[in-house]
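Count residues from 1 along the sequence. The structure displayed is predicted, hence computed values, not measured ones.
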Amino acid sequence: MGVDKHKGVPPRQAQGRAAPVPRRSAGWPSNLRLAAVLSALVALPAFAASCGDEAPTPKVAPQPSMSGQTPTGTAPGTPQFGMADMPGGAGLSAAAAGPYNQGLNAFVNGDLPTARTGFAQAGQADPRCHQCFYSLGVVQERLKDAGAGGSYRQAYTIKSDYEPAIIAHGMFMARRNQLAEADAMLTQKRGQMPKSAAVTAALAEVKSLQKDTGNAQRLAQEALKLNPDYRPAMVIIARDHYRNRRLDLALYALQAVLDGFEPVAENPPRDKENPEALLLRGLIWREQGNRAGAMDQFKKAVQKRPDLVEARVQYANFLLEAGNAEEALPVLEGAVRFDADNVPAHLNLGDCYRLLGRWADAKREFEWVLAHDASLPQVHYDLGLMYLFAPSIPGMTAKQQIAEAQKSLKKFQELRKKDVPDDSDELLNRAKLKEGELTAGAAPAAPAAGKDGGAPANKDGGAAPPADAGTKG
């Protein structure tokens with residue numbers, strides 16, 4: 001149950017083990033170039049399929065809670081455009097530069113509504129500013145504004161070969177489960193821009209999301225042939241291996257991006273601080289039980305890309321499991337600024353407030369999660385903990401708290417995975433004991449017997465009331 005099961009550590013299943021990362025054999029040539037490494041990684045799945053011998057699938061421990069998971073409909077590690085992709089204000093027209101830079105500064109600080117206003121004003125000031133419409137689309141997408149697709153389209157309508165907007169629009173459709181539409185648009189653009197590594201790699205990402213791993217790997221390899229140093233294609237290769245549970249190959253591809261190979265002078269890391277690669281390696285290491293390594297990768301990803309919400313949620317989850325709510329608080333508050341509808345972020349934020357004794361804030365976050373997805377067992381467990389152990393919840397009596405604690409814990413037991421051990425029975429027993437204590441404390445004490453064995457009389461000859469009438473023990 002972790003550090004202290006009554007101080008915010010959710011019920012969790014022991015981590016499963018995955019196959020170890022393959023080591024380079026003694027005969028592996030030390031001067032192997034990165035392009036050859038990635039090419040070999042691409043070819044391996046196709047070779048295995050042709051032989052009828054698929055790569056083994058490591059067992060992955062299922063997550064019994066939403067903590068650390070990604071939103072429904074989003075594949076883990078799927079790229080999200082943001083801070084690192086925003087073009088600077090240099091080169092814009094004088095009319096657009098001012099509001100654009102205001103929007104950019106607001107975005108960096110997580111103030112998305114102000115950022116949207118700034119980019120929209122920049123586009124109004126200069127209708128030919130393709131960067132303005134692209135940046136507007138990035139913010140609109142994070143705000144769940146359906147107009148994001150139109151803004152991306154406007155950007156590459158103004159500048160037909162503007163790769164950032166083309167890629168962002170394709171991924172926007174993919175994240176909305178419009179995979180066929182994303183495939184068609186990117187295929188058309190690839191025909192118009194056959195030398196674009198970026199468009200080819202984006203199409204590879206969509207193929208991967210469509211579970212077409214063969215074409216995903218082939219297209220990623222083609223992108224690297226067009227530009228051997230195109231780093232997103234390297235990460236796409238790793239991400240496709242990850243989605244298809246080829247974890248060893250994914251880690252090997254990530255090593256090429258983040259660490260390089262010996263001798264490093266000849267095979268250096270191509271992008272050792274790539275935040276998406278750090279996030280992906282953290283996800284894999286978490287599955288394999290390398291908690292310290294995973295936490296380090298998530299922390300580095302957040303430092304490099306403060307707007308990378310998935311990395312924030314994963315990092316904060318580890319901090320909460322360690323009982324470090326104070327450090328987790330700004331990480332999670334930043335996560336909900338950059339993605340106000342992120343359910344795992346709100347769930348963990350509520351648990352963070354609970355640990356810090358901010359009961360009203362914790363209750364608000366848990367109720368937000370209930371309103372968005374009441375089927376999550378973890379939110380009912382966290383509510384049960386809050387009601388059971390909080391000294392006082394504003395607007396509730398002690399009896400009401402205990403009743404709500406039992407109700408929440410029983411709901412958790414209805415929704416939980418039955419094969420995952422937890423301490424909910426113990427918590428329910430504690431709640432029942434506390435309920436009994438409250439009931440006993442509120443009951444009037446038995447009156448002392450008079451001389452004749454009855455109730456003692458008052459000076460008027462009537463029965464005297466108990467000495468503690470109207471008070472609670």
Side-chain angles (χ1 to χ4, degrees), residues 35 78-97 99-101 103-104 107 119-120 122-142 147-176 178-210 215-216 218-237 239 270-271 274 276:
T78 299
Q80 184 174 27
F81 296 89
M83 193 173 295
D85 309 286
M86 289 283 198
L92 301 182
S93 66
Y100 184 90
N101 286 325
L104 189 60
F107 182 83
F119 293 139
Q124 292 169 0
D126 184 358
R128 301 299 300 170
C129 176
H130 56 278
Q131 306 100 312
C132 299
F133 289 101
Y134 164 71
S135 297
L136 176 61
V138 170
V139 175
Q140 287 175 319
E141 183 173 357
R142 287 177 175 268
S151 296
Y152 290 141
R153 189 182 297 107
Q154 180 68 12
Y156 64 78
T157 298
I158 296 169
K159 191 175 190 302
S160 61
D161 61 348
Y162 188 50
E163 292 177 338
I166 295 169
I167 298 167
H169 192 200
M171 294 314 304
F172 171 72
M173 289 188 285
R175 275 188 287 271
R176 292 165 65 90
Q178 298 172 342
L179 293 173
E181 293 86 342
D183 188 324
M185 187 274 283
L186 290 170
T187 298
Q188 180 186 27
K189 283 295 180 182
R190 181 168 175 252
Q192 297 169 355
M193 304 166 62
K195 295 184 178 180
S196 172
V199 173
T200 301
L203 183 57
E205 182 77 46
V206 171
K207 293 292 186 184
S208 178
L209 289 169
Q210 290 176 313
N215 278 319
R218 177 183 61 79
L219 287 165
Q221 185 181 27
E222 289 183 13
L224 286 172
K225 289 179 180 178
L226 291 167
N227 181 358
D229 196 39
Y230 188 63
R231 296 154 192 181
M234 303 175 195
V235 179
I236 288 168
I237 288 173
R239 191 155 46 229
R270 291 305 174 100
D271 194 1
N274 186 298
E276 292 183 354

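- Between Asp126 and Leu92, every side-chain heavy-atom pair lies at or beyond the 4.5 Å cut-off.
- With sequence neighbours excluded, the residues satisfying side-chain contact (heavy atoms from CB on, under 4.5 Å) with Ala122 are Ala96, Pro99, Tyr100, Cys132.
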Working for side chain to side chain contact (heavy atoms under 4.5 Å, CB included), residues Lys225 and Gln221:
CA-CA 6 Å; Lys225 289 179 180 178; Gln221 185 181 27; 4.2 Å; yes
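- Legend: residues meeting salt bridge (charged side-chain N to carboxylate O under 4.0 Å, His left out) with Arg153, ordered by chain and number and at least two apart, are absent.
- Put simply, the side chain of Ser208 never gets that close to the backbone of Ala204: no donor and acceptor are under 3.5 Å apart.
- Nearest heavy atom pair, residue Ala120 against residue Leu136, reads N-CD1, 4.0 Å.
- Minimum heavy-atom separation, Pro127 to Phe133: O-CE1, 3.5 Å.
- Qualifying side-chain hydrogen bond (donor to acceptor under 3.5 Å, both in side chains) partners for Asn215, counting only residues two or more places apart in sequence or in other chains: Asp212, Arg218.
- In this structure, Ser160 has no side-chain contact (heavy atoms from CB on, under 4.5 Å) partners at least two apart in sequence or on a different chain.
- Every residue was checked against the side-chain hydrogen bond (donor to acceptor under 3.5 Å, both in side chains) condition with Gln131, not counting sequence neighbours, and none meets it.
- Checked against salt bridge (charged side-chain N to carboxylate O under 4.0 Å, His left out), Lys207 has the following partners two or more places apart in sequence or in another chain: Asp183.
- For the pair Pro194 and Leu226, the tightest heavy-atom approach, listed with the atom from each and the gap, is O-CD1, 3.7 Å.
- Applying the ring-ring contact (aromatic ring centres under 6.0 Å, His included) test to Tyr230 and every residue at least two apart in sequence or in another chain returns nothing.
- Ring-plane geometry between Tyr152 and His169 is classed as tilted, the angle between the planes lying from 30 to 60 degrees on a 0 to 90 degree scale.
- The side-chain hydrogen bond (donor to acceptor under 3.5 Å, both in side chains) check on Ser151 picks up Gln140, with sequence neighbours excluded.
- Between the CE atom in Met171 and the CG atom in Leu209 there is a gap of 5.5 Å [rounded to 0.5 Å].
- In summary, Glu141 and Arg175 engage in a salt bridge, as defined by a charged side-chain N under 4.0 Å from a carboxylate O.
- Screening residues 189-199 for salt bridge (charged side-chain N to carboxylate O under 4.0 Å, His left out), with sequence neighbours left out, gives Arg190-Glu222.
- For the pair Leu219 and Thr200, the tightest heavy-atom approach, listed with the atom from each and the gap, is O-CG2, 3.3 Å.
- Evaluation of the side-chain contact (heavy atoms from CB on, under 4.5 Å) rule for Ala184 yields no partner, not counting sequence neighbours.
- Within the model, atoms CD1 of Ile167 and OG of Ser196 stand 6.5 Å from one another, a figure rounded to the nearest 0.5 Å.
- For Glu163, the salt bridge (charged side-chain N to carboxylate O under 4.0 Å, His left out) criterion is met by no residue, not counting sequence neighbours.
- For Arg231, the salt bridge (charged side-chain N to carboxylate O under 4.0 Å, His left out) criterion is met by Asp229, not counting sequence neighbours.
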